[in-house]
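Each chain gets a letter, A, B and so on, in the order its sequence line appears, and its residues count up from 1.
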Number of protein chains: 2
Amino acid sequence: MGTMTENTLAETLANQLRRDILRGKLAPGAPVKERDHAAELSVSRTPMREAIRILAKEGLLILRPSRSPIVAAPSLEEITNAIDVLAALEALSGELACDRATEDEIAEIRVQQQRMAELYGKIDRIELFEMDMRIHSLIVAASHNPALQETHQAYLQRLWRARYLSASRKDSRERVLRQHGEIVEALEARDATAIKAAIHAHLEALVSNIREHFSSDPQFGPVPAWAEAPRTDNTI
Amino acid sequence: MGTMTENTLAETLANQLRRDILRGKLAPGAPVKERDHAAELSVSRTPMREAIRILAKEGLLILRPSRSPIVAAPSLEEITNAIDVLAALEALSGELACDRATEDEIAEIRVQQQRMAELYGKIDRIELFEMDMRIHSLIVAASHNPALQETHQAYLQRLWRARYLSASRKDSRERVLRQHGEIVEALEARDATAIKAAIHAHLEALVSNIREHFSSDPQFGPVPAWAEAPRTDNTI
DNA sequence: CAACGCATTTTGGTATACCAAATCAAAAAT
DNA sequence: ATTTTTGATTTGGTATACCAAAATGCGTTG
């Protein structure tokens, strides 16, 4: 991970497809025909096929036998299920981080959290959203458990769209800030119980936020064009 | 072969490769050259390549740029890390199962656990081991969270080899039985706190068991030939 | 007009051929 | 004898061609 040296064409295609999906350029439910997409980008079917498989494993595409893969259109229930898992992963991360994180790592997390608090209101929601994700990822990284980090990253991807839409609610942003503060404080105190509680609270708020969205717009329309490409250090 | 018709050649190859890896026919660290393996099985490189990617995503193979993929040889630390995640996933499963499992599901789990207790000593360790896995999977299934189930299954795969070797310790088997009993009792009482504790205890015992193995044989030699092919309803 | 059936087409699955980067080894230069 | 260079070979990455199953649409038939 880390730098973005895209080695193989398939990875490049996967990243590009992922962006298109997450940004809503490819609407949920839309078919992704490997032939057409490959032709459109002037590549052969082979790497495109591989890219599709990658995204399928990530849960962004649904593969069905002898039929075009389609962009996943997770129901509220599926999103909630995924968040439940995400919460468990982050809670474990927090717990582990409490006794494995270095002082430097904790300091860096605090810095990021403070930067987010300062810039709140001065930057657009997309940047704010990315800072949010970055803080979560940093906490997971502080767990010093690569497997956990990898799985967490996968769930973050899968939930990117839902989280993004939630982040655009103005009223939710203040709450996010406060809850991040609680999490970081617990980490600084290396209080495993407190950090687990804080993380669960944070993500349960996310669930209820998304639930509201669903009641108004059950399908989650495409992301407006002004939303620029996300960048998480990683794949996206 | 299995209960379900294997749809694509790539899946078949992936399953076969997985068996060979888990049974130790392909030793940890061994290279898996897509050309040779494809030729050996009289298939083309394309599906073999795809199979390799599948197993890589599962963590059983390690892909390195411009070099043969090799069979993963997880260190004790990596195994421990994976078990930490597994424990979190199962703890969540237990918690969810406590208020979502149907009475039938709980009854079925109890049946399996009792069957395992009865047959203990009468069947070989491989069958016993499979029953162990089945019970764990049933609990996860009772969480009614497909994403959780999928991720859990992936970790179970990744840890199959380590768990298998641990299961062959005679002294550990009685403990497993008792701990399973505790887990099922907690589930029957729908006591989330108790089931989480029981699951964590169970898996921490697994860690210490594996740790002992490692101190005597750091590389985990191949599985003896008499070990027949595992069968989990699923992929293996 | 509806239902069935056959042919066309679309789509994914598989095989094969070609290419470029990396490796290894042998030979040449110092 | 050691190092360097270079060419042969191995290996993964990509493109393309072919195949079979499934969907689709149209025409026939009741």
Side-chain angles (χ1 to χ4, degrees), chain A residues 1-21 26-73 235, chain B residues 1-2 4-21 26-73 234-235:
Chain A
M1 303 189 175
T3 54
M4 39 178 284
T5 43
E6 273 153 7
N7 253 336
T8 129
L9 221 195
E11 289 173 35
T12 307
L13 292 174
N15 293 341
Q16 190 163 340
L17 255 184
R18 192 183 298 113
R19 262 210 329 272
D20 290 348
I21 292 173
L26 263 59
V32 180
K33 323 191 207 207
E34 69 180 47
R35 246 185 183 89
D36 298 4
H37 272 264
E40 197 163 331
L41 298 172
S42 307
V43 299
S44 86
R45 286 176 55 203
T46 315
M48 177 60 73
R49 177 184 177 80
E50 192 172 324
I52 289 176
R53 298 310 164 116
I54 291 175
L55 296 187
K57 262 283 182 191
E58 290 179 8
L60 291 175
L61 291 181
I62 307 294
L63 255 45
R64 45 241 239 275
S66 309
R67 214 171 255 72
S68 285
I70 58 175
V71 177
T235 36
Chain B
M1 288 240 181
M4 6 192 289
T5 44
E6 273 149 6
N7 256 336
T8 128
L9 221 196
E11 289 174 34
T12 308
L13 292 175
N15 293 340
Q16 191 163 340
L17 255 184
R18 192 184 297 114
R19 263 211 328 273
D20 290 348
I21 293 173
L26 263 60
V32 179
K33 323 191 207 206
E34 70 180 46
R35 232 184 267 271
D36 298 3
H37 273 265
E40 196 164 332
L41 298 173
S42 307
V43 298
S44 85
R45 285 176 55 201
T46 316
M48 176 60 73
R49 177 183 176 82
E50 191 171 325
I52 288 175
R53 298 311 166 114
I54 291 175
L55 296 188
K57 262 283 181 191
E58 291 179 8
L60 292 175
L61 291 181
I62 307 293
L63 257 46
R64 42 239 242 278
S66 308
R67 215 172 252 72
S68 285
I70 58 174
V71 177
N234 301 16
T235 38

### Message
With a 4.5 Å cut-off on side-chain heavy atoms, are A/Leu13 and A/Leu41 touching?
### Response
yes
### Query
With a 4.5 Å heavy-atom cut-off, do A/Glu11 and A/Glu50 have their side chains touching?
no
### Task
Taking A/Thr12 for its side chain and A/Thr8 for its backbone only, find out whether a donor-acceptor pair lies under 3.5 Å.
yes
### Query
Considering residues at least two apart in sequence or located in another chain, which fulfil the side-chain contact (heavy atoms from CB on, under 4.5 Å) criterion with A/Leu26?
A/Leu17, A/Asp20, A/Ile21, A/Val32, A/His37, A/Val71
### Query
For A/Ser68, what residues pass the side-chain contact (heavy atoms from CB on, under 4.5 Å) criterion, not counting sequence neighbours?
A/Pro31, A/Lys33, A/Arg64
### Message
How would you summarise protein contacts on nucleotides 10-20 of chain D per nucleotide, using B for base, S for sugar-phosphate only and - for none, with heavy-atom distances below 4.0 Å?
### Response
-BBBSBBBB--
